[in-house]
K.L.:
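Quick one: the structure is below, and I'll ask about it shortly.
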Amino acid sequence: MVMRSASAVWEGELFTGKGNVSFDSSNAAGPLDVNWPARAENPNGVTSPEELIAAAHATCYSMSLANGLAKVGTPADRLETTANVHIEKTDAGFTITRVELKVRGTGGFDEATFTEAANTAKAACPVSRVLNAEITLDAALA
(Lines give C-alpha, C1' and ligand atoms only; values in the text may rest on other atoms or scores of the structure.)
Protein backbone atom coordinates (compact mmCIF):
# COMPACT_ATOMS: atom_id res chain seq x y z
CA MET A 1 0.00 0.00 0.00
CA VAL A 2 1.17 3.50 -0.82
CA MET A 3 0.09 6.63 1.03
CA ARG A 4 0.58 10.27 0.11
CA SER A 5 -0.17 13.25 2.35
CA ALA A 6 -1.14 16.87 2.06
CA SER A 7 -2.18 19.29 4.75
CA ALA A 8 -4.26 22.43 4.92
CA VAL A 9 -4.50 25.33 7.33
CA TRP A 10 -7.58 27.60 7.38
CA GLU A 11 -8.06 30.86 9.29
CA GLY A 12 -11.38 32.65 9.67
CA GLU A 13 -14.81 32.20 8.14
CA LEU A 14 -15.41 30.61 4.75
CA PHE A 15 -16.11 33.71 2.68
CA THR A 16 -13.60 36.09 4.27
CA GLY A 17 -11.00 33.65 5.56
CA LYS A 18 -7.89 32.31 3.95
CA GLY A 19 -5.66 29.31 4.12
CA ASN A 20 -2.95 27.28 2.48
CA VAL A 21 -2.26 23.75 1.36
CA SER A 22 1.06 21.90 1.32
CA PHE A 23 2.16 18.67 -0.34
CA ASP A 24 3.69 16.93 2.65
CA SER A 25 4.78 13.64 1.08
CA SER A 26 6.89 15.19 -1.64
CA ASN A 27 7.45 18.77 -0.51
CA ALA A 28 7.04 19.51 -4.23
CA ALA A 29 4.84 22.54 -3.66
CA GLY A 30 3.48 24.66 -0.93
CA PRO A 31 2.33 26.21 0.95
CA LEU A 32 -0.12 27.33 -1.76
CA ASP A 33 -2.69 29.95 -0.84
CA VAL A 34 -6.40 29.05 -0.96
CA ASN A 35 -9.52 31.17 -0.40
CA TRP A 36 -13.19 31.35 -1.31
CA PRO A 37 -12.85 33.80 -4.22
CA ALA A 38 -10.44 31.36 -5.92
CA ARG A 39 -13.23 28.76 -5.81
CA ALA A 40 -16.21 30.87 -6.84
CA GLU A 41 -14.88 34.04 -8.47
CA ASN A 42 -11.51 35.03 -9.95
CA PRO A 43 -8.52 32.93 -8.83
CA ASN A 44 -6.03 35.86 -8.92
CA GLY A 45 -3.05 33.55 -8.42
CA VAL A 46 -4.69 31.57 -5.61
CA THR A 47 -5.58 27.89 -6.01
CA SER A 48 -8.67 25.94 -4.94
CA PRO A 49 -9.54 22.37 -4.06
CA GLU A 50 -11.22 22.04 -7.46
CA GLU A 51 -8.08 23.16 -9.29
CA LEU A 52 -6.02 20.70 -7.26
CA ILE A 53 -8.48 17.93 -8.21
CA ALA A 54 -8.23 18.99 -11.86
CA ALA A 55 -4.44 18.77 -11.67
CA ALA A 56 -4.59 15.37 -10.00
CA HIS A 57 -7.10 14.05 -12.53
CA ALA A 58 -5.22 15.32 -15.61
CA THR A 59 -1.98 13.81 -14.33
CA CYS A 60 -3.49 10.51 -13.23
CA TYR A 61 -5.37 10.13 -16.50
CA SER A 62 -2.25 10.87 -18.58
CA MET A 63 -0.28 8.26 -16.65
CA SER A 64 -3.07 5.69 -17.02
CA LEU A 65 -3.30 6.32 -20.76
CA ALA A 66 0.49 6.14 -21.17
CA ASN A 67 0.46 2.78 -19.42
CA GLY A 68 -2.41 1.47 -21.53
CA LEU A 69 -0.77 2.49 -24.79
CA ALA A 70 2.54 0.93 -23.77
CA LYS A 71 0.79 -2.33 -22.82
CA VAL A 72 -0.60 -2.69 -26.37
CA GLY A 73 2.82 -2.02 -27.87
CA THR A 74 2.22 1.56 -29.03
CA PRO A 75 3.76 3.89 -26.44
CA ALA A 76 2.93 7.57 -26.57
CA ASP A 77 5.48 10.18 -27.53
CA ARG A 78 3.43 12.92 -25.90
CA LEU A 79 0.07 13.23 -24.15
CA GLU A 80 -1.47 16.61 -23.36
CA THR A 81 -4.42 16.38 -20.97
CA THR A 82 -6.68 19.06 -19.56
CA ALA A 83 -9.24 18.44 -16.84
CA ASN A 84 -12.03 20.99 -16.33
CA VAL A 85 -13.72 20.49 -12.96
CA HIS A 86 -17.21 21.97 -12.62
CA ILE A 87 -18.59 22.92 -9.21
CA GLU A 88 -22.26 23.81 -8.85
CA LYS A 89 -24.57 24.65 -6.01
CA THR A 90 -27.02 21.77 -5.63
CA ASP A 91 -29.62 20.89 -3.00
CA ALA A 92 -26.82 19.10 -1.13
CA GLY A 93 -24.56 22.18 -1.28
CA PHE A 94 -21.62 22.93 -3.54
CA THR A 95 -20.81 19.77 -5.50
CA ILE A 96 -18.36 18.72 -8.17
CA THR A 97 -20.85 17.65 -10.81
CA ARG A 98 -18.72 17.11 -13.90
CA VAL A 99 -15.17 16.71 -15.08
CA GLU A 100 -14.31 17.22 -18.73
CA LEU A 101 -11.14 15.45 -19.78
CA LYS A 102 -9.51 16.47 -23.05
CA VAL A 103 -6.46 14.62 -24.32
CA ARG A 104 -4.35 14.96 -27.43
CA GLY A 105 -1.69 12.40 -28.15
CA THR A 106 1.13 11.58 -30.52
CA GLY A 107 2.92 8.31 -30.94
CA GLY A 108 3.05 5.13 -32.98
CA PHE A 109 -0.67 4.38 -32.77
CA ASP A 110 -3.65 4.85 -35.03
CA GLU A 111 -6.81 6.70 -34.04
CA ALA A 112 -8.78 3.54 -33.18
CA THR A 113 -6.04 2.26 -30.86
CA PHE A 114 -5.73 5.67 -29.22
CA THR A 115 -9.49 6.04 -28.71
CA GLU A 116 -9.83 2.58 -27.19
CA ALA A 117 -6.88 3.15 -24.84
CA ALA A 118 -8.21 6.60 -23.93
CA ASN A 119 -11.60 5.20 -22.91
CA THR A 120 -10.01 2.36 -20.95
CA ALA A 121 -7.73 4.84 -19.16
CA LYS A 122 -10.71 6.94 -18.07
CA ALA A 123 -12.12 3.96 -16.19
CA ALA A 124 -8.71 2.74 -14.93
CA CYS A 125 -7.48 6.06 -13.51
CA PRO A 126 -7.69 5.95 -9.68
CA VAL A 127 -8.76 9.60 -9.54
CA SER A 128 -11.63 8.90 -11.96
CA ARG A 129 -12.77 6.08 -9.69
CA VAL A 130 -12.81 8.24 -6.56
CA LEU A 131 -14.89 11.04 -8.08
CA ASN A 132 -18.67 10.92 -7.80
CA ALA A 133 -19.21 13.08 -10.87
CA GLU A 134 -19.94 12.70 -14.56
CA ILE A 135 -16.66 12.36 -16.48
CA THR A 136 -16.64 13.18 -20.16
CA LEU A 137 -13.75 12.52 -22.53
CA ASP A 138 -12.60 14.23 -25.72
CA ALA A 139 -9.71 12.17 -27.09
CA ALA A 140 -8.01 12.76 -30.45
CA LEU A 141 -4.65 12.53 -32.11
CA ALA A 142 -2.64 15.73 -31.90
K.L.:
Kindly determine whether Phe23 and Leu32 satisfy side chain to side chain contact (heavy atoms under 4.5 Å, CB included), including the steps that lead there.
P.N.:
CA-CA 9 Å; Phe23 301 145; Leu32 302 173; 4.3 Å; yes
K.L.:
Check Ser62 against Thr81 and note the closest heavy-atom contact, atom names and distance.
P.N.:
OG-OG1, 2.7 Å
K.L.:
Considering non-hydrogen atoms only, spot the tightest contact between Pro49 and Arg39 and give its length.
P.N.:
CD-NE, 3.7 Å
K.L.:
I'd like to check Asp33 versus Lys18 (side-chain heavy atoms, cut-off strictly below 4.5 Å). Are they in contact?
P.N.:
no
K.L.:
Using residues 131-142 as the side-chain source, report each donor-acceptor pair under 3.5 Å to any protein atom, sequence neighbours left out, with the distance given to one decimal.
P.N.:
| from | atom 1 | to | atom 2 | distance (Å) |
| --- | --- | --- | --- | --- |
| Asp138 | OD1 | Arg104 | NH1 | 3.3 |
| Asp138 | OD1 | Arg104 | NH2 | 3.3 |
| Asp138 | OD2 | Arg104 | NH2 | 3.1 |

K.L.:
Keeping the roles fixed (side chain from Trp10, backbone from Gly12), state whether a donor-acceptor pair exists under 3.5 Å.
P.N.:
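Indeed, once roles are kept as given, a pair shorter than 3.5 Å links the two residues.
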K.L.:
Answer yes if Leu65 and Val72 sit in the same cluster of Ile, Leu, Val, Met, Phe, Trp and Tyr residues linked by side chain heavy atoms under 4.5 Å apart, and no otherwise.
P.N.:
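Looking at the clustering, Val72 is in a separate group from Leu65.
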K.L.:
Using the salt bridge (Lys or Arg N to Asp or Glu O under 4.0 Å) rule, take Arg98 and Glu100 through it: C-alpha gap first, then chi angles, then the decisive distance, then the call.
P.N.:
CA-CA 7 Å; Arg98 185 173 76 247; Glu100 298 165 346; 3.3 Å; yes
K.L.:
On a heavy-atom basis, which atom in Ala124 and which in Ser64 lie closest, and how many Å separate them?
P.N.:
CB-OG, 3.6 Å
K.L.:
Which side-chain N or O atoms in residues 2-9 pair as donor and acceptor under 3.5 Å with protein atoms at least two apart or in another chain?
P.N.:
| from | atom 1 | to | atom 2 | distance (Å) |
| --- | --- | --- | --- | --- |
| Ser7 | OG | Asp24 | OD1 | 3.1 |
| Ser7 | OG | Asp24 | OD2 | 2.9 |

K.L.:
Ignoring hydrogens and angles, state whether a donor on the side chain of Thr90 or Thr95 is under 3.5 Å from an acceptor on the partner side chain.
P.N.:
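Judged by distance alone, the side chains do pair up.
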K.L.:
Could you verify whether a donor N or O on one side chain and an acceptor N or O on the other, from Thr113 and Asp110, lie under 3.5 Å apart?
P.N.:
yes
K.L.:
Between Glu80 and Arg78, does at least one N-O distance fall below 4.0 Å, as a salt bridge requires?
P.N.:
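The answer is yes: the pair qualifies as a salt bridge.
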K.L.:
State, yes or no, whether a side-chain contact exists between Cys60 and Pro126 at a heavy-atom distance under 4.5 Å.
P.N.:
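Side-chain contact under 4.5 Å: yes.
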K.L.:
Applying the 4.5 Å side-chain criterion to the ILVMFWY set and letting contacts propagate, would Leu52 and Val130 be lumped into a single cluster?
P.N.:
no
K.L.:
Do other residues, nucleotides or ligands put more than 12 heavy atoms under 6.0 Å from Glu13 CD?
P.N.:
no
K.L.:
Distance-only, no hydrogens or angles: does the Ser22 side chain make a donor-acceptor pair with backbone N or O of Gly30 under 3.5 Å?
P.N.:
no
K.L.:
So, for Ala76 and Leu69, which heavy atoms are closest and what is the spacing to 0.1 Å?
P.N.:
CB-CD1, 3.9 Å
K.L.:
Please check this pair: side chain of Asn119 against backbone of Thr115, looking for a donor-acceptor N/O pair closer than 3.5 Å.
P.N.:
yes
K.L.:
So how far is it from Thr82 OG1 to His57 NE2, rounded to the nearest 0.5 Å?
P.N.:
12.5 Å
K.L.:
For Tyr61 and Ala118, indicate whether the former's side chain and the latter's backbone hold a donor-acceptor pair under 3.5 Å.
P.N.:
yes
K.L.:
Locate the shortest heavy-atom distance separating Val34 from Val21; write the atom from each residue and the value.
P.N.:
CG1-CG1, 4.1 Å
K.L.:
Shortest non-hydrogen contact from Gly17 to Asn35?
P.N.:
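Where Gly17 meets Asn35 most closely, the heavy atoms are O-CB, 3.9 Å.
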K.L.:
Would a single hydrophobic cluster contain both Ile87 and Leu14, if residues Ile, Leu, Val, Met, Phe, Trp and Tyr are joined by side-chain heavy-atom contacts under 4.5 Å?
P.N.:
yes
K.L.:
Run Val127 and Val99 through side chain to side chain contact (heavy atoms under 4.5 Å, CB included) and show every step you take.
P.N.:
CA-CA 11 Å; Val127 174; Val99 179; over 6 Å; no
K.L.:
Hey, does Val103 have a side-chain heavy atom less than 4.5 Å from the side chain of Phe114?
P.N.:
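Phe114 vs Val103: side chains touch.
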K.L.:
What do you reckon, is CD of Glu116 surrounded by more than 12 foreign heavy atoms closer than 6.0 Å?
P.N.:
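No.
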